[in-house]
Structure formats: C-alpha cells, structure tokens
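Working notes, beginning with the structure itself.
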Amino acid sequence: MKIIYFNYMADLYGYSIGSTIKALKLFGALEKLGHSVKLHWLVKQNDNGSNSNSNKKKNSIMISLARAILFTPKNLFKNIPQFFREIKILKAEAGDLLIVRLDAFRISALWAARLYHLPLIIEADGASSYEWLTFNNGRHLWSWALLWCERLMLSRSQGIFTQSTEAKEYFCQRHNIEPEKIAVITNGADIVNLDDAQDNELQNQLGIKKTDNVVGFIGSMHHWHGVADVPQLIDRVLAEFENTLFLFVGKGGALENDLHQSLSKKYADRVIFTGHVENERAPDYIRLFTVAIAPYPKIDLFYFSPMKVFEYMAAGKAIIASRIGQIKEVIQDGENGVL
C-alpha cells in the first residue's frame, strides 16, 4: 500500500519534536512491513502561525481590533491555497491512503481526499480544540468555526488514531465520535543499549563523578512540564543528600532563562544544564541518570503521551512521575516507578 502523510506542524525539531519523532518512527515501522510512505511537511519551519513582530510595534486599537476580527477568517481562507497544493501532491503521488495530522481550522485535506477517492485517516495526537479554547480563546477566535472544522475532519474520516485514552475520550465527548472509530497508539522509545566507554566520556565532559547520584530531567522548560516546582525539590534534596546533582537535558520553554540563572548561581557545581541535545544522543544522557523525574503539574485534561517517560523506561531508570493521565497507566506505583 502507498501511504501519503500530510503534517502541518511548525518547529518540527523544537517544541514539536516528540510528535515529529512519533510520525517518523510509526511510518518507518509501516515501511518495514512492506508499505510505501511519502511524508509531506506542509508548513515552512519559519512559519509557526505567529507574528514575530507583533510585540515590537506599538499597536493601535484599530490594528488590534482588525487582527482580532480577521484572525479566524484568515485561517479558514488558508484552506483554499492549501487544497490546490495538496491535490497537486496527491495527483503526483497516486497513493492508496491519506493520513493527515489534525490541525486547527484545516479541512482542505478532506476535500482533496474526496476528489481522489482516497480513504482518509486522521492522526489526532493533540486535543487541538481544547488547547485553543483553553489557552488561546481570546476575542480573535471564533470558537464555533474551530470546533466545526475539527468535527468535520473527524466525522468524515474513515478512521482516527490518537495518543492516549484521555485524548480519545475528549474527541468522543466533544464531537460525539463513536469510540470504536478511534484507536489509541501511544508514544514509545527504543530500548537503550549500554555503552560504558561512551558513558565515561560523557560523564567527564559534564563533570559528573562516579560517586555522584544524578537526578535527571529531559525536555523543554515549559510550565506544563512541571519545572516551576523543581527549584523547591532541588533545595530539599541537595540539603539532605551529598554526592547528588541535578542534570537538565534540553532547552526551550518560558521558564528556561529563570531556572538557568537562579539555579546555576545558587548551585554552580550541583546543577547542570546541557542545552540542546540531538534526539539521537538523548539516550546517552539518560543513561547517566540515577533517578529520572517527570514532574507534570495538575492539568484538567492531561491527554499527553509523555515521550520522556517511555525514554526513561527504555533505559531502565528509576522514575518519579506525577500520578496523572497516561502516566498512571504505564507506571505502577512501587513496581516500575514511584507516582
């Protein structure tokens, strides 16, 4: 079978890296089963849907009002040029199946699939409408249009897959989708192979001693990753346990600068920030952890399938994580982790 995949994510190897890797791994596995997969990333990586200059200019009330009024129509209108781009791809590829990542206001692929009589499967990893309604529901957003587009894509598709039971339940309840139409495909991670020589070299580079206990975190420093509470944890742990340090692997997020400045100054030799690490190197750093943490905060709809938890498990690490969402399904308290 020849599969065509459309994805509209911006910043594929930044904040969207988990979703990017999942797509690459999933379709790579389908290719190993004999299928042909053509991946199409349809958004330019410097086009993340935001206006980078909006904060640099002092906006008048009229300009702000116009942006608010035109935001939703502008996004709906984008379906027209997108449709012509997509049918050009479908005509050239001559595929048997179209898989499309669900994205706010995007319905063009539904028209394109119908034009070429292709079965349409929706990858609904994120609860897109929930994010928009919860975090971006300002006057610029026409909620009814957002929900209508999402409902149309889901209801008219031949199948849907999402990353967690929580996400599945959200779509079923919000759009009255039949549960049997949605499959849950969680994230995952490859088993980590040991490499003592490489570990020793990396330890020396980072200044980690053989006798050190390493509390590790991998990911970006966003609010929803729970890192706002980590400084309190660090204060308590380092005050009580000697030969212990904290290792933060990754970069990005609203809290990154504050954490780096405050903790590096206070615990110069006991808190390490690596900055950006290529995904292929992530297991090398996780192997250095004694204890791995996933301190997610309480979130009303925790629909994530946390990549870091699976990466920790694949490396055989002791895990301390929040008792929330899918985490409490894959971590049994006191058996393969502590919740």
Side-chain angles (χ1 to χ4, degrees), residues 7 9-29 39 41 45 125-126 163-164 185-208 212-227 230 233-234 244-256 259-260 263-264 271-296 304-322 326-327 330-331 336-337:
N7 187 304
M9 292 188 303
D11 195 21
L12 293 174
Y13 291 94
Y15 63 80
S16 300
I17 189 169
S19 298
T20 304
I21 293 168
K22 175 175 181 176
L24 294 175
K25 292 286 188 178
L26 178 61
F27 293 116
L39 307 177
W41 314 94
Q45 291 313 292
D125 265 11
Q163 63 182 355
S164 68
I185 304 175
T186 71
N187 283 330
D190 294 328
I191 298 298
V192 175
N193 296 317
L194 299 178
D195 188 335
D196 292 337
Q198 192 173 45
D199 292 350
N200 292 336
E201 181 181 352
L202 188 55
Q203 277 182 324
N204 292 331
Q205 290 176 3
L206 295 172
I208 299 173
D212 286 334
N213 290 311
V214 180
V215 181
F217 169 89
I218 188 167
S220 55
M221 281 56 133
H222 282 293
H223 293 282
W224 57 82
H225 284 164
V227 293
V230 169
L233 172 67
I234 292 175
T244 299
L245 56 82
F246 280 75
L247 177 59
F248 291 87
V249 182
K251 68 169 295 183
L255 301 178
E256 181 183 20
L259 281 175
H260 196 290
L263 294 176
S264 296
V271 177
I272 301 172
F273 290 87
T274 68
H276 173 71
V277 169
E278 294 293 335
N279 183 254
E280 300 79 30
R281 293 291 316 279
D284 300 338
Y285 288 82
I286 294 174
R287 285 201 303 268
L288 303 183
F289 297 175
T290 309
V291 175
I293 59 173
Y296 289 95
F304 311 109
S305 181
M307 184 75 77
K308 62 171 59 64
V309 173
F310 294 104
E311 290 176 324
Y312 297 160
M313 295 175 72
K317 294 301 172 179
I319 302 171
I320 300 177
S322 305
Q326 191 184 84
I327 297 176
V330 299
I331 298 291
N336 60 344

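Treat the numbers as computed from the prediction; the structure is a model and nothing was measured.
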Hey, could you give me the [atom1]/[atom2] distance between [X] and [Y], rounded to the nearest 0.5 Å?
X: Gln203; Y: Glu201; atom1: CD; atom2: CD; answer: 11.0 Å
X: Met221; Y: Leu255; atom1: CE; atom2: CG; answer: 9.0 Å
X: Tyr285; Y: Ile208; atom1: OH; atom2: CD1; answer: 9.5 Å
X: Glu278; Y: Asp284; atom1: CD; atom2: CG; answer: 12.0 Å
X: Arg287; Y: Leu202; atom1: CZ; atom2: CG; answer: 8.5 Å
X: Trp41; Y: Asn7; atom1: CH2; atom2: CG; answer: 4.5 Å

Backbone N/O of Phe289 and side chain of Lys317: donor-acceptor pair under 3.5 Å: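 Pair found, side chain donor or acceptor close to backbone of Phe289.
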N/O donor-acceptor pair under 3.5 Å between Ser220 side chain and Gly252 backbone: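 Not confirmed, Ser220 side chain does not pair with Gly252 backbone.
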Heavy atoms only: give me the nearest [X]-[Y] pair and the separation to one decimal.
X: Val277; Y: Ala282; value: CG1-N, 4.0 Å
X: Phe217; Y: Tyr312; value: CA-OH, 3.5 Å
X: Thr290; Y: Ala318; value: O-CB, 3.8 Å
X: Gly275; Y: Lys251; value: C-CB, 4.1 Å

Parallel, tilted or perpendicular, as decided by the 30° and 60° cut-offs, for the rings of Trp224 and His222: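 Rings of His222 and Trp224: parallel, as their planes differ by under 30°.
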Decide yes or no for [X] and [Y]: does some side-chain heavy atom of the first lie under 4.5 Å from some side-chain heavy atom of the second?
X: Phe310; Y: Thr186; result: yes
X: Phe248; Y: His260; result: no
X: Met9; Y: Ser19; result: yes
X: Val192; Y: Met313; result: no
X: Val271; Y: Leu245; result: no
X: Leu259; Y: Val227; result: yes
X: Pro295; Y: Leu233; result: no
X: Phe273; Y: Ser264; result: yes

Criterion side chain to side chain contact (heavy atoms under 4.5 Å, CB included) on Ile286 and Ile218, from CA distance to verdict: CA-CA 8 Å; Ile286 294 174; Ile218 188 167; 4.1 Å; yes
Who passes side-chain hydrogen bond (donor to acceptor under 3.5 Å, both in side chains) against [X], sequence neighbours left out?
X: Ser305; answer: Gln326
X: Lys22; answer: Asp125
X: Tyr296; answer: Lys308

Steps toward side chain to side chain contact (heavy atoms under 4.5 Å, CB included) verdict (Met307, Ile21): CA-CA 10 Å; Met307 184 75 77; Ile21 293 168; 4.3 Å; yes
From Val215, Thr244, Leu263, residue fulfilling side chain to side chain contact (heavy atoms under 4.5 Å, CB included) relative to Ile234: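 Answer after filtering Val215, Thr244, Leu263: Leu263.
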Residue among Asp212, Leu206, Ile272, Val249 satisfying side chain to side chain contact (heavy atoms under 4.5 Å, CB included) with Leu288: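 Going through the options one by one, the only one that passes is Leu206.
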